[in-house]
Amino acid sequence: MLKIRNLHAMIDGKEILRGINLDIKAGEIHAIMGPNGSGKSTLASVLTGNEAFEVVEGTVEFNGKDLLDLSPEDRAREGLFLSFQYPVEIPGVSMTNFMRTALNEQKKYRGEDVLSASDFLKLMRDRKNLVDIDSDLTNRSVNEGFSGGEKKKNEIFQMAMLDPKLAILDETDSGLDIDALRIVANGVNKLRRPDNATILITHYQRLLDYIIPDHVHVLYNGRIVKSAGKELAHKLEENGYDWIKKELVG
Amino acid sequence: MNLSEHDISLQKLFDTNRAFIEKDAAAGVNLARVKAAEAFAVQGIPSSKVEAYKYTNLQPWFKSGFEQAYGLNGYSADDLKTFECNVHEMESHTIFTVNGKFVEGSSGHALPEGVVAGSFLELSQKYPEIIEKYYGRQAKVETDGFIALNTMFAMDGLFIYVPKNKVVEKPIQIVNVLTGPSDLMVNQRNLIVVEENAQVRVLFCDHTLSMSRFLVNTVTEGFVAESGMLDFYNLQNQHNGTVQVGGYYFDQEAKSQLNANYFTLHTGITRNNIFSRLGGEHAENHISGLYVIDKNQHVDNFSFIEHAVPDCESNELFKGVMDDASTGAFTGRILVAPDAQRTNAYQSNNNLLLTDSAKMNSRPQLEIYADDVKCSHGATVGQLDENAMFYLRARGISKEEANILLMYAFAYEVIEKIKVPSLKEQIRQLVEKRFRGELDKCDSCVVCGQLGTNLIKAN
């Protein structure tokens with residue numbers, strides 16, 4: 001599904017990603033962990049097309065297409081989704097209008113029929129139940145006045161609405177209390193299918209108690225320095241990241 | 001000061017036509033012309049050297065080369081029979097003016113007994129006591145050359161009188177049409193009197209129906225007596241060859257409410273002079289505006305809120321979305337009189353500039369002579385939020401559509417203030433159309449949801 005080869009990216013003249021290689025297949029859940037400043041969020045931003053970052057080298061293939069060649073909206077329409085670490089508040093744009101516009105534009109791109117108003121509302125209801133989000137949130141402006149937890153739940157709701165092939169959850173667990181974390185994890189697990197995939201970007205192991213990854217990668221200084229199964233996450237939780245730094249030096 | 005050549009030509013135009021102008025007019029209205037002509041001789045049309053007109057120089061435009069509209073400019077009132085310009089779904093009482101002149105045959109909802117809404121020319125003669133009490137009281141000829149000019153030439157327009165305790169539930173919609181084969185100057189005069197505990201909603205729609213150039217200098221005076229309520233809307237959708245000075249002079253007594261909302265969706269040059277005097281305790285007003293302009297269009301909203309007595313509240317919100325090389329200005333003058341304690345006055349002006357060449361001048365002017373006052377003002381000029389833009393695009397929404405969503409979101413705060421739901425929906429759609437560029441080529445009555453092309457006389 002996703003093939004990243006030797007990806008280098010910079011912001012403000014500073015190289016943050018220094019040669020990332022990663023393969024993700026349908027049906028898989030990958031966790032990307034690493035200390036602060038290692039480049040985790042940059043990787044998410046570069047994959048979704050944030051123009052603040054400049055890709056200087058490398059390729060990214062997404063379902064056979066050159067991802068880096070696509071605009072942010074076309075990446076989304078191809079089935080890529082980012083759950084933002086800091087979802088943006090947009091006063092004046094209603095959640096309903098936002099989701100309807102997004103969903104219909106994606107459908108048009110794929111040559112599918114747009115949803116009728118009643119089918120759309122039905123889908124909204126259905127997806128709200130699936131991710132256990134308060135009904136009231138979708139009647140408001142996008143993220144406006146939402147608490148931190150509500151914003152993260154809202155990201156998962158949008159993911160449920162848009163049904164992406166590959167979802168990147170950028171520190172969706174940070175700042176969540178245990179109840180909200182369960183709701184978020186539940187949503188992700190329910191949406192899991194053999195034909196989609198998920199990348200969990202996280203600093204902590206806790207989320208991985210609820211969403212069991214197939215692969216865990218450690219990102220350090222802009223490179224993936226270690227990849228293993230889910231047991232790696234436990235080891236990181238117990239021992240921190242210092243042993244990896246030592247291994248690299250040694 | 002020295003009058004310009006243009007001013008002198010306007011004076012001559014007045015002198016030459018004075019007998020005709022005064023022939024059918026009410027005595028009180030003619031009496032006011034004497035003072036107006038004197039005042040005009042002192043002021044003339046203000047140039048940009050006059051501080052209040054610093055950002056909008058109208059002097060080159062106002063000259064007698066434009067024929068003054070005394071009649072319908074080749075337009076027949078019969079044509080209005082085919083013309084239905086109601087806001088969709090809105091039940092209203094509808095009145096037309098063509099080139100500032102009232103046209104017989106208003107339609108729609110009957111007005112409650114005692115309420116009148118019709119020709120200024122006719123009703124000003126029928127109600128001399130109202131003319132004597134109110135005419136020219138708030139729009140003072142000596143304060144502005146445009147008021148003086150209007151008061152000299154004023155013949156017709158709208159006269160709305162809502163007696164004590166009367167409530168007009170359905171809005172009164174006034175459709176001001178500018179049309180005809182030749183370029184015109186129009187001095188329309190409107191008077192709205194809302195007596196004690198009475199209520200009315202008034203919507204003025206300003207349109208152009210032919211490609212002639214128009215100079216419009218309108219004066220509207222609105223008086224709201226104790227516990228009265230006036231809900232006032234102005235929707236402007238005129239072609240780029242229009243220069244409009246809209247003067248709106250309100251005076252409020254105790255416990256009265258005024259809501260005044262200005263939507264400039266298409267224009268050439270617009271200058272709104274919005275004055276409101278809070279003259280009775282616990283009076284309140286909400287004045288808002290939205291201007292969406294592009295190309296070389298220019299909009300200048302000049303407001304002056306006078307807190308003359310204690311315990312009043314005023315709220316002002318003006319927002320603009322400016323594209324291409326459009327230019328704008330906002331002045332928010334607030335005067336709090338020495339005894340006007342416990343005044344609350346809030347003001348903000350926010351602008352979205354879509355290009356580097358669009359330009360906005362925003363200036364708050366607060367004069368506060370009382371000490372127990374809550375006053376706030378704020379002005380912003382900015383671009384679309386890039387983070388919000390990326391967020392929308394990351395969900396699959398195109399850049400163009402994201403632009404429209406964000407512009408609309410910006411404008412929504414003003415649209416939200418409209419109190420008539422059907423009108424709100426209509427304006428919401430119009431603003432969205434405007435953002436999509438679909439109102440761009442408008443020279444007809446798109447605002448009312450109907451093409452008016454059949455009304456354009458062959459040029």
Side-chain angles (χ1 to χ4, degrees), chain A residues 44-53 70-110 112 141-144 151 154-155 157-159 161-165 167-168 170, chain B residues 261 263 288-292 317-321 348-352 354 378 380 382-418 421 424-425 427-436:
Chain A
S45 297
V46 168
L47 291 178
T48 43
N50 189 327
E51 281 152 8
F53 297 90
L70 299 175
S71 65
E73 54 268 35
D74 281 349
R75 295 179 197 202
R77 293 157 175 179
E78 289 288 343
L80 186 67
F81 179 90
L82 172 65
S83 167
F84 281 70
Q85 185 178 2
Y86 303 110
V88 183
E89 296 195 16
I90 314 180
V93 176
S94 75
M95 268 307 295
T96 310
N97 194 16
F98 168 49
M99 275 293 98
R100 189 169 40 218
T101 309
L103 190 62
N104 285 341
E105 288 222 356
Q106 293 206 11
K107 282 185 173 294
K108 273 189 237 163
Y109 178 83
R110 297 193 287 257
E112 298 165 19
S141 288
V142 177
N143 294 321
E144 192 191 18
K151 281 180 183 163
N154 191 23
E155 294 293 294
F157 165 68
Q158 292 173 40
M159 173 177 152
M161 286 296 291
L162 299 172
D163 193 19
K165 290 180 186 135
I168 305 168
D170 187 6
Chain B
N261 312 268
F263 296 91
S288 65
L290 174 68
Y291 37 101
V292 182
L317 173 67
F318 281 80
K319 284 190 147 187
V321 180
S348 71
N349 173 233
N350 312 112
N351 299 281
L352 203 52
L354 304 178
T380 62
Q383 286 81 40
L384 287 173
D385 178 356
E386 278 180 28
N387 290 328
M389 181 67 100
F390 180 67
Y391 190 74
L392 295 172
R393 291 178 75 192
R395 294 294 178 253
I397 297 173
S398 67
K399 201 173 178 179
E400 295 70 32
E401 197 65 28
N403 254 317
I404 290 166
L405 273 175
L406 292 176
M407 288 191 289
Y408 178 74
F410 175 82
Y412 185 70
E413 205 185 342
V414 180
I415 298 171
E416 207 179 24
K417 293 185 181 289
I418 301 171
K424 185 198 270 184
E425 177 56 23
I427 290 184
R428 192 195 68 71
Q429 287 177 21
L430 282 169
V431 170
E432 202 183 314
K433 263 192 185 170
R434 181 67 170 89
F435 286 144
R436 289 182 191 283

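The basis for the numbers below is simple: all heavy atoms, side chains too, and nothing from hydrogens, waters or symmetry mates.
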### Query
Among A:Phe98, A:Tyr86, A:Tyr109, which has the most heavy-atom pairs under 4.5 Å with chain B?
A:Phe98
### Task
Please determine, among B:Ala388, B:Ser398, B:Ala394, the option with the most heavy-atom pairs under 4.5 Å with chain A.
B:Ser398
### Task
Give, as side chain, backbone, both or neither, the part of A:Pro87 having an atom under 4.5 angstrom from any heavy atom of chain B.
both
### Salt bridge B:Glu432-B:Arg428, side-chain N to carboxylate O under 4.0 Å
yes
#### Entry: Heavy-atom proximity to chain B below 4.5 Å, by part of A:Glu78
neither
#### Entry: Ionic contact status for B:Glu401 with B:Arg393, cut-off 4.0 Å
no
### Query
Is any NZ, NE, NH1 or NH2 atom of the basic residue among A:Glu105 and B:Arg395 found under 4.0 Å from an Asp or Glu carboxylate oxygen of the other?
no
### Message
Using a 4.5 angstrom heavy-atom cutoff, name the option from A:Asp74, A:Leu103, A:Ile90, A:Leu162 with the most pairs to chain B.
### Response
A:Ile90
### Message
Between A:Phe84 and B:Tyr391, is the ring centroid distance below 6.0 Å?
### Response
yes
### Message
Counting neighbours of NZ on B:Lys424 that are heavy atoms of other residues, nucleotides or ligands and sit closer than 6.0 Å, is the number greater than 12?
### Response
yes
### Part of A:Asn104 lying under 4.5 Å from any heavy atom of chain B
neither
